[in-house]
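Presented below is the structure to which this report refers.
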Amino acid sequence: MENNFVIDDNITIDDIDYIEKWLENNDFFYRNINIIKDHFNDGTFLLYRNKGKADGFITYLGIDKKIIVEIICIKQDLRHKGIGRGFVNDYIEYFKKRNILVVEIDNVITSEGNNLCISTGFKKLVKPNEEDITQFYKPLTRDCRKENWTANRRIVLWKKESFDSSCHPDMSWDLDFKNNKAPILEYAYKDWYVGIVENNQIIEYGKVKYFYGVANETLGYIYINNDIFRR
């Protein structure tokens, strides 16, 4: 199917009226029409416009350099044609151009939504105290640093709220920013632990929320580059 869809953030009340009419046709998201209108009024709304028609949309929240997508919806007669995947990829590029660091998709409740997230490169996100909610996330930095367990000097993450130095870390990254400019970006709950390892020895550690400013609490992720971490 030819793709005539484009992202559009120039939205009118006529677009919202058009969306409401096709949502009335037994669509699950019609129950959220007032929330959808609130997002339109707040400017946290993107269209997927098809030859001028508002045939898809997302609603989202913006927190620091993070976007949380709440609703992704395509007009009923255009579903199961690969358009949703194109929509996700297009809005990811839209947010990349606006220097967003990470996108989360909140409360995925259908198998279709789950498959869409996985097929577009999102990873499952499990937050403490929210284990019953299915969420996904995707870092948007173009060259995000990959894990490294062999470097001489590393920063490591324990996904635990209590610390025992004998516990093996869950994640590990090289701290050499001279030869590798890619940043470290990974979800990290504020009460988990991070530490620095040199020569396979832990030389210091602490809770994510206190450790050298490596995590922004509103963002909810470790974000480390050469400007943030100079040690």
Side-chain angles (χ1 to χ4, degrees), residues 63-68 88-89 92-93 95-106 108 114-131 133-231:
I63 303 173
D64 199 354
K65 290 186 175 292
K66 175 173 70 178
I67 293 294
I68 303 174
V88 173
N89 289 330
I92 287 297
E93 288 302 315
F95 289 127
K96 276 184 181 178
K97 292 176 181 177
R98 285 151 181 81
N99 298 316
I100 298 299
L101 290 176
V102 65
V103 169
E104 294 181 4
I105 298 180
D106 192 31
V108 180
N114 189 82
N115 292 336
L116 178 60
C117 291
I118 293 170
S119 69
T120 50
F122 281 78
K123 297 187 286 185
K124 190 159 283 189
L125 175 60
V126 180
K127 297 182 178 180
N129 307 315
E130 296 182 19
E131 292 87 350
I133 299 175
T134 303
Q135 300 167 294
F136 290 84
Y137 74 107
K138 184 170 186 174
L140 301 194
T141 52
R142 294 191 181 273
D143 296 305
C144 196
R145 186 169 297 214
K146 298 184 184 305
E147 281 194 81
N148 185 319
W149 290 89
T150 61
N152 181 61
R153 187 166 178 269
R154 297 177 285 124
I155 189 163
V156 294
L157 171 68
W158 292 270
K159 296 181 179 181
K160 299 174 178 65
E161 295 180 48
S162 59
F163 185 75
D164 178 349
S165 61
S166 66
C167 291
H168 193 270
D170 295 287
M171 305 190 79
S172 172
W173 301 271
D174 180 11
L175 275 174
D176 176 12
F177 287 99
K178 182 177 180 181
N179 297 306
N180 182 358
K181 302 298 184 184
I184 299 166
L185 179 64
E186 182 60 44
Y187 173 73
Y189 182 60
K190 62 182 181 178
D191 287 326
W192 289 349
Y193 278 79
V194 288
I196 296 173
V197 172
E198 288 185 0
N199 299 317
N200 291 319
Q201 298 293 321
I202 301 168
I203 62 170
E204 56 183 319
Y205 61 88
K207 285 193 175 185
V208 167
K209 61 186 175 183
Y210 300 130
F211 200 75
Y212 295 106
V214 298
N216 181 313
E217 189 169 343
T218 58
L219 185 65
Y221 287 72
I222 287 177
Y223 179 68
I224 308 171
N225 60 19
N226 195 44
D227 293 330
I228 293 173
F229 197 80
R230 295 181 179 273
R231 296 198 74 256

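A quick note: this is a predicted structure, and the numbers were derived from the prediction, not measured.
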Work out which heavy atom in [X] is nearest to a heavy atom in [Y]; give both atom names and the distance.
{"X": "Thr134", "Y": "Asn114", "value": "CG2-OD1, 4.2 Å"}
{"X": "Tyr223", "Y": "Pro183", "value": "CE1-CB, 3.7 Å"}
{"X": "Phe122", "Y": "Val103", "value": "CE2-O, 3.6 Å"}
{"X": "Pro169", "Y": "Trp149", "value": "O-CH2, 3.3 Å"}

For the atom pair [atom1] ([X]) and [atom2] ([Y]), what is the distance rounded to the nearest 0.5 Å?
{"X": "Arg154", "Y": "Glu147", "atom1": "CZ", "atom2": "CD", "result": "10.0 Å"}
{"X": "Glu104", "Y": "Phe136", "atom1": "CD", "atom2": "CZ", "result": "12.0 Å"}
{"X": "Ile203", "Y": "Tyr205", "atom1": "CD1", "atom2": "OH", "result": "13.0 Å"}
{"X": "Asn89", "Y": "Ser119", "atom1": "CG", "atom2": "OG", "result": "8.0 Å"}
{"X": "Tyr187", "Y": "Lys124", "atom1": "OH", "atom2": "NZ", "result": "15.5 Å"}
{"X": "His168", "Y": "Trp158", "atom1": "NE2", "atom2": "CH2", "result": "10.0 Å"}

**Study point:** Audit row: Leu125, Ile105, side chain to side chain contact (heavy atoms under 4.5 Å, CB included) steps and yes/no
**Key:** CA-CA 9 Å; Leu125 175 60; Ile105 298 180; over 6 Å; no
If we only count heavy atoms from C-beta on, is the [X] to [Y] side-chain gap below 4.5 Å?
{"X": "Asp106", "Y": "Ile133", "answer": "yes"}
{"X": "Asn152", "Y": "Asn199", "answer": "yes"}
{"X": "Asp191", "Y": "Lys209", "answer": "yes"}
{"X": "Asn180", "Y": "Trp173", "answer": "no"}

Study note, to complete from the structure: side-chain contact (heavy atoms from CB on, under 4.5 Å) with Leu157: of Val194, Asp170, Val214, Ile184, only one passes, and it is Val194
Counting distance only, does the side-chain N/O of [X] pair as donor-acceptor with the main-chain N or O of [Y] below 3.5 Å?
{"X": "Asp176", "Y": "Lys178", "value": "yes"}
{"X": "Lys138", "Y": "Thr120", "value": "yes"}
{"X": "Asp164", "Y": "Ser166", "value": "yes"}
{"X": "Arg145", "Y": "Ala182", "value": "yes"}

Practice item. Check the surroundings of atom OH in Tyr210: do more than 12 heavy atoms from other residues, nucleotides or ligands lie under 6.0 Å from it? Key: no
Exercise for review: Test side chain to side chain contact (heavy atoms under 4.5 Å, CB included) on Glu186 and Tyr221 and set out the steps.
Suggested key: CA-CA 5 Å; Glu186 182 60 44; Tyr221 287 72; 5.5 Å; no
Practice item. Applying side chain to side chain contact (heavy atoms under 4.5 Å, CB included), run through Ser172 and Val197 and close with a yes or a no. Key: CA-CA 9 Å; Ser172 172; Val197 172; over 6 Å; no
